[in-house]
There are 2 protein chains.
Amino acid sequence: MPNYEPDLSTTFSALGDPTRRGVLARLGQGAATVSELSQPYDMALPSFMQHLKVLEKSGLVHSHKAGRSRIYELQPERIREAEQWLQQQRQLWEQRLDRLDDYLLQMKEERE
Amino acid sequence: MPNYEPDLSTTFSALGDPTRRGVLARLGQGAATVSELSQPYDMALPSFMQHLKVLEKSGLVHSHKAGRSRIYELQPERIREAEQWLQQQRQLWEQRLDRLDDYLLQMKEERE
DNA sequence: TAGATATATAACTATATAGCTATATAAAAG
DNA sequence: CTTTTATATAGCTATATAGTTATATATCTA
C-alpha cells in the first residue's frame, strides 16, 4: 500500500466533522474549557467530549487539567501538515497542467 | 451522476483514508481507469471501487465511462476549499499569537 | 458469435463512529 | 461536612464504513 500515512488519516478524519471543526475554530481564538467549548452545541456532554477525545488523539489539540476543569488549546502542527499535503497535491496538479499548456502551445507554434 | 452536495465534512472524511489519498496523488499525474488506479493496491476490486465512489461523492474526483472502462480525473476545487479552510484557521491562530506578542512586548516596554 | 476484459452489483461480516442516559468522581463553594 | 460544579466513565443503540466472495453486465477481440 503506497502512501501509508497514519497521521494524516487521523487528522483528516478528525476534520471530517462539523462539531470538531467548530471546536478548532473556537480554539483559534484561545484556550477554553470543556464547558465553554460545549456551550454552543445542542448535544449531550458525553457525546461532545467524545469529539474532544478524537481531536486530542489526532494531535490537533492538547489539554491539561486545571482544578476541576480541563483546558483545551489548539496544536497547529497537524493543521500545517494537512495543509501542506493538500498544497502539494494542488501544486503537482497545476504544474502538470502548465506543462500540458506548454506542450499544446508548442504544437500550435510548430503548425504555424 | 446526480447532484451531490459536497461539503467540507465529506471532503475531509474522504481524505481520511490512505488508499483514497493515494488515488488522488496518482490522479494528480493525469486521468486513469479503475484498473490502472487499483493496480498498486492489494485489495479486492469491489472494496477499491467503494473508495472511488466515496471520492466521487465528495466531489474530489469526476469520472466518465469510455467503452468498458471508467476514467477518473482529479477535480481540484474541493481540494482548494479544504486547503483554504485550513489556511484560514492557521492564519487566525497566527494573527492571535502576533497580537499576544504585541501585547506582551507593550507590557514589557511600559515596565521599563 | 464465443470468450476475454473491465467494471458493477448483491449480499454478507466485522469493526468503527456518533449519539444517548445513568452514574461516578474530584474539586470548589458554602 | 455537604452541596454544587465540572468533568469522566459505563453501557447501550443505531448507523456508517471497510472489507470480503460470488455473480452479473457491458464491451471489446478473435
Side-chain angles (χ1 to χ4, degrees), chain A residues 1-24 26-27 30-73 78, chain B residues 1-2 4-24 26-27 30-73:
Chain A
M1 305 128 223
N3 296 318
Y4 182 60
E5 302 152 312
D7 286 340
L8 278 178
S9 288
T10 50
T11 300
F12 280 128
S13 296
L15 289 167
D17 178 282
T19 300
R20 292 194 289 258
R21 286 197 305 282
V23 168
L24 292 176
R26 166 62 186 81
L27 290 178
T33 65
V34 172
S35 1
E36 285 164 354
L37 291 171
S38 73
Q39 182 269 317
Y41 298 93
D42 184 22
M43 186 185 293
L45 195 59
S47 315
F48 184 79
M49 284 174 59
Q50 177 97 341
H51 286 301
L52 294 180
K53 275 180 201 145
V54 170
L55 284 172
E56 186 149 25
K57 267 194 184 172
S58 76
L60 283 160
V61 306
H62 172 259
S63 78
H64 66 275
K65 204 77 199 252
R68 61 186 161 180
S69 297
R70 180 171 289 278
I71 296 175
Y72 280 87
E73 55 195 312
R78 291 283 108 77
Chain B
M1 298 288 156
Y4 294 119
E5 206 178 309
D7 58 1
L8 278 177
S9 287
T10 50
T11 299
F12 280 127
S13 295
L15 289 167
D17 179 281
T19 300
R20 293 194 289 258
R21 285 197 306 282
V23 167
L24 292 176
R26 166 62 186 81
L27 289 178
T33 66
V34 173
S35 0
E36 286 164 355
L37 291 171
S38 73
Q39 183 269 317
Y41 298 93
D42 182 22
M43 185 185 295
L45 195 59
S47 316
F48 184 79
M49 285 174 57
Q50 179 76 14
H51 286 301
L52 295 180
K53 276 180 201 145
V54 170
L55 284 172
E56 185 148 28
K57 272 195 182 171
S58 76
L60 283 160
V61 306
H62 172 258
S63 79
H64 67 276
K65 205 77 201 251
R68 61 187 162 181
S69 297
R70 181 172 289 277
I71 296 174
Y72 280 87
E73 53 194 314

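All values derive from a computational prediction rather than experimental measurement.
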Give the rounded distance in Å between these two atoms: CD of A:Gln50 and C1' of D:dA10. 12 Å
Does any donor atom in the side chain of A:Arg70 or A:Ser63 lie under 3.5 Å from an acceptor atom in the other side chain? yes
Nearest-angstrom distance from the residue atom CE of B:Met43 to P of D:dT21: 12 Å
Presence of B:Arg70 side-chain N/O under 4.0 Å of C:dA8 phosphate oxygens OP1/OP2: yes
Tell me: CD of B:Glu36 to P of C:dT5, nearest whole Å? 16 Å
For A:Val61 and A:Tyr72, the nearest pair of non-hydrogen atoms, with its separation, is CG2-CD2, 3.7 Å
Separation of B:Gln39 atom CD from C:dT5 atom C1', in whole Å? 16 Å
Measure CD1/A:Ile71 against C1'/C:dA27 and give the value in whole Å, please. 14 Å
Among the nucleotides C:dC20, D:dT9, C:dA18, which one has an atom lying closest to any side-chain atom of A:Ala44? C:dC20
Using Watson-Crick and G-U wobble pairs whose two distances are both under 3.5 Å, how do you write the pairing of DNA chain D as dot-bracket, with | for links to another strand? ||||||||||||||||||||||||||||||
Between P on C:dA4 and CZ on B:Arg68, what's the gap in Å once rounded to a whole number? 12 Å
Do B:Ser9 and A:Arg21 have a side chain donor and acceptor closer than 3.5 Å? yes
Rounded to the nearest 0.5 angstrom, the CG-CG distance for A:Leu52 and A:Leu60 is 12.0 Å
When rounded to whole Å, the CZ to P distance for the pair A:Phe48 and C:dT21 reads 16 Å
Minimal non-hydrogen separation, B:Val23 against B:Phe48, with atom names: CG2-CZ, 3.7 Å
Measuring from B:Leu27:CG to B:Glu36:CD, what's the distance to the nearest 0.5 Å? 10.0 Å
Judged by each residue's nearest nucleotide on DNA chain C, which is more toward the 5′ side, A:Ser13 or A:Ala66? A:Ser13
C:dT17 phosphate, OP1 or OP2, under 4.0 Å from A:His51 side-chain N/O: no
Side chain of A:Pro46 only, please: which of C:dA22, C:dT9, C:dA6 is the nearest? C:dA22
B:Lys65 side chain N/O closer than 4.0 Å to the phosphate oxygens (OP1, OP2) of D:dA26? no
For the student: nearest non-hydrogen atoms of A:Arg26 and A:Ala31, plus distance: NH2-O, 4.0 Å
Between C1' of D:dA8 and CG of A:Leu52, the distance in whole Å: 12 Å
Measuring to OP1 and OP2 of C:dC20, would you say a side-chain N or O of A:Ser47 lies under 4.0 angstrom away? yes
